[in-house]
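The chains referred to below are lettered A, B, ... by the order of the sequence lines, with proteins before strands, and numbering in each begins at 1. Just so it is clear, the model here is predicted, and its values are computed rather than measured.
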There are 2 protein chains.
Amino acid sequence: MQTPLPKFDSVFSVDCVIFGFEEGVLKILLIERNEPPFKDCYALPGLFVGHDEGIDYAAERTLYELTGLRDIYMEQLYTFGDLDRHPEGRVITVAYYALIRLSSKIEVRPHSNYAKTAFWHPVADLPQLAFDHTLIFQKSLEKIRRKISDQPIAFELLPEKFTLTQLQNVYEAILNRKLDKRNFRKKMLNYGILKELDEKQRGVSYRAATLYKFDRRKYAKVFQKELSFIKE
Amino acid sequence: MQTPLPKFDSVFSVDCVIFGFEEGVLKILLIERNEPPFKDCYALPGLFVGHDEGIDYAAERTLYELTGLRDIYMEQLYTFGDLDRHPEGRVITVAYYALIRLSSKIEVRPHSNYAKTAFWHPVADLPQLAFDHTLIFQKSLEKIRRKISDQPIAFELLPEKFTLTQLQNVYEAILNRKLDKRNFRKKMLNYGILKELDEKQRGVSYRAATLYKFDRRKYAKVFQKELSFIKE
DNA sequence: ACAAAAGTGTTAGTATTACACCCATGA
DNA sequence: TCATGGGTGTAATACTAACACTTTTGT
């Protein structure tokens, strides 16, 4: 005996807050909608979830269709399911956030025609966004603010080799305040999760900084014990 | 011009991990299913989300129908949307967790007949659960472990007036390890979010402990600054 | 008087903060 | 030689961790 599933015409979607870091500025990827509702408005990139795909997969597809990138750091953020969040009916959306290393090679272009354009925009002065996307963005920023101090997600925004100042710039951009250079360096180096390279920055017109890599192996050791919050 | 929403036969549900604390033991509320699939198996309480209700509301309804309680501490946990998580089709579920004060007045009884029984079960030795509910439970436990040290959710599990030892017991049950009594008290009192009452425990056959209340007003002040994780 | 839990301080070690100058490099 | 960011140490303070005995109460 089987009880059939109830039949609802329900729709769910994924929306992605895709963070990038460029010229010392934290940005997210926005699209300009080409379809109603909110035609010509800015919005977070998103897709309807096919009934034959997992939601994580749908989020990865959103990212891939826009940037051509795969295997990006991406996490589920929150699910937004208020009745009135979509003007044309009931749409529940699962929001994700992703961190990507920007480089000149990455070209963003909408793959389908639901979006006219796609572009990076600084988080500091975002325009109005369609639906509840401003709220989704705010929640994603809070999330990475918390997370950045617990877990080494800052590295995901940088090239493989980076200087300590670049790393500090990522922290400052996300936390939105200045940090003390000496203390920052001391702390980062003490964690023991950076590997110093014997390579220096090139092409700068001042003293070249030492390059570092993130050492995933050491990280696993160091940060698993950090799970104890009340420490003792 | 309107683009109609795509029509999928999609189903979503909510599932709730409802924590309670009784006799020094952390428990969750389980039901015994009365319908296939997984008939006669244990599961987390859950409901299909009506197409005319918000998801938060659906979660509150789940809790209310089972316990008669409203206005309970409840937060969204995570959304589970793998293709194969439900044997009869595509069901995306939004998981919530709740913390409730147990008291003899609370009677749990299933309101609909999808469940035969409902009962509290210690988290330490849960039976096998239907669907991916074991995974959902594990994720909820991790979540409250992290959260308990950041935010005063422990109080939600205790009566309004409680002793420091009872509070410590909640921490120990959730974190699953012993804490030092003197350090625990020092730290809790230093936060300044407890109000000492001039009332003592009653009906115990040993020295009666002082009762405390959680002071929500002071909390708001103290913990908003804790949002800075890299402190300086 | 005894059983049971309440209540209480100190010390050593570690982490955090605040703070300012010289160095190396390329233009 | 100058402009630019790289790189470095110390002292004061706050927090954390380890640790054991006396007090109160009811039976």
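Atom P of nucleotide C:dT8 and atom NZ of B:K187 are separated by 19 Å, given to the nearest angstrom. If you measure from atom CG of B:L211 to atom C1' of C:dG7, you get 15 Å, rounded to the nearest angstrom. Between A:L189 atom CG and D:dG7 atom P the separation is 10 Å, expressed in whole Å. Between A:Y191 atom OH and C:dT16 atom P there is a gap of 7 Å when expressed in whole angstrom units. The nearest whole Å value for the distance from the CG atom in B:N169 to the C1' atom in C:dA6 is 13 Å. In this structure, B:L167 places its CG atom 13 Å from P of C:dG7, rounding to the nearest Å. Going from atom CD of A:E196 over to atom C1' of D:dG7 covers 11 Å, rounded to whole Å. Atom CG of A:L179 and atom P of C:dT16 are 13 Å apart (whole Å).
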Summarise how protein sits on nucleotides 21-27 of chain C as a single string, 5' to 3': B when a protein heavy atom is under 4.0 Å from the base, S for sugar-phosphate-only contact, - for no contact. --BBBSS

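Residues passing the side chain to side chain contact (heavy atoms under 4.5 Å, CB included) test with B:R216, sequence neighbours excluded: B:R101, B:E156, B:F214. Residues passing the ring pair (Phe, Tyr, Trp, His ring centres under 6.0 Å) test with B:F162 are B:F155, sequence neighbours excluded. Listed by chain and residue number, A:K161 satisfy the side-chain hydrogen bond (donor to acceptor under 3.5 Å, both in side chains) test with A:E199 (two or more places apart in sequence, or in another chain). Scored by the side chain to side chain contact (heavy atoms under 4.5 Å, CB included) test, A:D125 finds A:H121, A:P122 as partners (sequence neighbours excluded).
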Polar-atom pairs under 3.5 Å, protein N or O versus N or O of nucleotides 11-13 of chain D: list them with distances, or write none.
none

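Side-chain rings of A:F19 and A:Y73 stay apart, their centers remaining 6.0 Å or farther from each other.
Within a 6.0 Å sphere centred on CD of A:E22, heavy atoms belonging to other residues, nucleotides or ligands number more than 12. Counted within 6.0 Å of CZ on A:F38, heavy atoms from surrounding residues, nucleotides or ligands total more than 12; the atom is thus considered enclosed. Within a 6.0 Å radius of NZ in B:K147, other residues, nucleotides and ligands contribute more than 12 heavy atoms.
Not a single donor-acceptor pair, N or O on each side, falls under 3.5 Å between the base of C:dA15 and the side chain of A:N190.
Of the side-chain N and O atoms in A:T210, none sit less than 4.0 angstrom from OP1 or OP2 of D:dG6. Considering only side-chain N and O atoms, B:R182 lies nowhere under 4.0 angstrom from the phosphate OP1 or OP2 of D:dA18.
Side-chain contact check for B:Q138 and B:E142: no donor-acceptor pair (N or O, by modelled atom type) lies under 3.5 Å.
Within 4.0 Å of A:T163, counting heavy atoms only, lies no atom of the nucleic acid at all.
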